[in-house]
Amino acid sequence: MGSGIALTAAQSGITAVQIDVSQPALDKAKASHAKSLARLVEKGKIQQADADAALSRLSYATSMGDAKASDWVVEAATENVELKKKIFKEMQATFRDDVVLATNTSSISITDLASAVGKDASRVIGMHFFNPVPIMKLVEVIKGLATSDETTARTIALATAMGKTAVPANDRAGFVSNRVLMPMINEAFYAWMEGVAEPKDIDQIMLLGCNFPMGPLRLADFIGLDVCHDIMMVLYRELGNPKFFPCPRLRQLVQAGRLGDKSGHGVFQYPAK
Ligand code: 3HC
């Protein structure tokens, strides 16, 4: 997601630094940025000069310190509360004290993450993007208990400048998007496990019958089965309702390392990229 957010920012005229502890992950992001922009030029959607300008606005770093003059930061690490809190503490120590500390978490409490930065909690906000970030129109904006109105207004303005529509949601596990989407995906796994239909037919029914752009099982692979599983666990723990417990079929695939597109095999199999 971080890679998509950085690319979208750069295409919107914003200088962006993508930070990752892994140099290979940054190399992959850089190659993917160049490929995405080249494809847009090929299709005639943008001019070569626009692609070159977007690329020139992008840089990559393994250390937060290399981006310390930034005006804004969006954390987009994996959905692990302790890891995210550690990153928030580092963000607080690295960036100026007027910088908004946003998180692209898909389900974790903003108030909980903000507790990692104490007095700076008013600058913490959820800025939830959707995959593929350059295409999807929404940014779900989530205020924590201490998030200031100024932080919220600035976040809506930035999302708008990035060509997105910002829609507010309150700070409950999964917010709106994943509170509704993930149980639907989980239910598709139950339908498969109980033999209601084969995966391709479950997807086809939802595609043709409900006008989904992709079926729920294809979407689960696209998002990552581990991510779907982790979000269900956050819903289960935080909302205290057994209906959110991940389907055994989903758990089993994750345990087997079948994570979806990124591992080449999830519900469906994918050719090596
Ligand atoms: N980056 C940039 N552009 C992309 C892209 C990507 N990764 N993938 C597809 N596109 C572009 C294509 O180039 C094409 O552009 P064009 O119309 O200008 O030629 C356009 O999107 C349509 O792509 P395709 O024709 O290849 O295929 P589809 O029509 O099936 O669209 C899709 C692909 C946009 C991914 C569509 O299937 C879709 O909208 N799927 C649902 C995605 C979704 O639900 N995302 C949300 C996931 S939940 C989430 O992110 C939250 C998190 O917290 C879990």
Side-chain angles (χ1 to χ4, degrees), residues 1-12 28-46 50-51 54 58 74-80 84 102-110 113 126-142 159 162-167 169 171-186 188 203-204 206-208 210-235 244 246 250 254 259-262 266-268 270-271 273:
M1 288 289 272
S3 166
I5 296 168
L7 177 61
T8 306
Q11 286 186 264
S12 313
K28 198 171 155 205
K30 190 174 178 179
S32 143
H33 289 159
K35 199 169 150 195
S36 294
L37 290 166
R39 213 167 40 217
L40 290 173
V41 173
E42 247 171 57
K43 283 188 195 165
K45 301 256 170 184
I46 61 170
D50 300 326
L58 283 163
V74 185
E75 171 278 319
T78 45
E79 289 294 275
N80 174 314
K84 282 186 186 289
T103 171
N104 179 52
T105 180
S106 49
S107 56
I108 297 171
S109 159
I110 307 306
L113 292 179
M127 199 177 185
H128 185 202
F129 289 86
F130 293 79
N131 242 330
V133 180
I135 300 286
M136 304 302 280
K137 296 280 175 236
L138 178 68
V139 172
E140 198 175 22
V141 173
I142 307 105
M162 289 173 77
K164 306 297 180 197
T165 299
V167 182
D171 192 18
R172 292 277 283 161
F175 321 126
V176 171
S177 53
N178 283 323
R179 173 81 176 259
V180 176
L181 175 66
M182 285 301 157
M184 190 271 293
I185 287 178
N186 202 45
D203 274 9
Q204 186 80 330
M206 299 308 285
L207 243 122
L208 301 181
C210 301
N211 223 8
F212 281 23
M214 52 172 57
L217 295 172
R218 172 71 196 95
L219 181 58
D221 277 353
F222 180 65
I223 293 169
L225 299 192
D226 52 339
V227 176
C228 295
H229 178 272
D230 291 351
I231 294 173
M232 288 306 291
M233 285 305 291
V234 171
L235 295 175
F244 294 115
L250 170 61
V254 173
L259 306 182
D261 295 28
K262 63 185 156 194
V267 177
F268 304 105
Y270 304 93
K273 282 188 187 156

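Remember, it's 1-based here, ligands and their atoms both numbered in the order they're listed. Position 1 is the first residue of the sequence; numbering continues from there.
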Logged contact type for Ile223 with ligand 1, heavy-atom cut-off 4.0 Å, is side chain
Main-chain N/O of [Y] paired with [X] side-chain donor or acceptor, under 3.5 Å:
{"X": "Asp221", "Y": "Val267", "value": "yes"}
{"X": "Glu140", "Y": "Val176", "value": "yes"}
{"X": "Glu79", "Y": "Ser106", "value": "yes"}
{"X": "His33", "Y": "Ser3", "value": "yes"}

Quick test: of every protein heavy atom, which one is nearest to [atom], and how far off is it to 0.1 Å?
{"atom": "atom 1 (N) of ligand 1", "value": "Pro132 CB, 3.8 Å"}
{"atom": "atom 30 (O) of ligand 1", "value": "Pro213 O, 4.5 Å"}
{"atom": "atom 45 (N) of ligand 1", "value": "Asn131 O, 2.7 Å"}
{"atom": "atom 17 (O) of ligand 1", "value": "Lys45 NZ, 4.3 Å"}
{"atom": "atom 40 (N) of ligand 1", "value": "Met214 CG, 3.6 Å"}

Is [atom] close to the protein, meaning a heavy atom under 4.0 Å from it?
{"atom": "atom 38 (C) of ligand 1", "answer": "yes"}
{"atom": "atom 50 (O) of ligand 1", "answer": "yes"}
{"atom": "atom 27 (O) of ligand 1", "answer": "no"}
{"atom": "atom 22 (C) of ligand 1", "answer": "no"}
{"atom": "atom 43 (C) of ligand 1", "answer": "yes"}
{"atom": "atom 32 (C) of ligand 1", "answer": "no"}
{"atom": "atom 19 (O) of ligand 1", "answer": "yes"}
{"atom": "atom 13 (O) of ligand 1", "answer": "yes"}

Does a side-chain heavy-atom distance below 4.5 Å link [X] with [Y]?
{"X": "Lys164", "Y": "Thr8", "value": "yes"}
{"X": "Ile5", "Y": "Met162", "value": "yes"}
{"X": "Met182", "Y": "Asn186", "value": "no"}
{"X": "Leu259", "Y": "Val254", "value": "yes"}
{"X": "Lys262", "Y": "Asp226", "value": "yes"}
{"X": "Phe212", "Y": "Arg218", "value": "no"}

Rounded to the nearest 0.5 angstrom, the CG-OG1 distance for Asp230 and Thr78 is 8.5 Å
Q. Can an N or O of Lys43 be found at a distance shorter than 3.5 Å from an N or O of ligand 1?
A. yes
Near Leu181 (heavy-atom distance under 4.0 Å), the atoms of ligand 1 are 48 (S)
Note: ligand 1 atoms sitting under 4.0 Å from heavy atoms of His128 are 51 (C), 52 (C), 53 (O)
Checking Val141, Asn178, Val167, Thr105 against His128 for side-chain contact (heavy atoms from CB on, under 4.5 Å), the one that qualifies is Asn178
A student comparing Ile135, Leu138, Val133, Leu37 should find that the heavy atom closest to atom 34 (C) of ligand 1 comes from Ile135
Are any of the heavy atoms in Asn178 under 4.0 Å away from ligand 1? yes
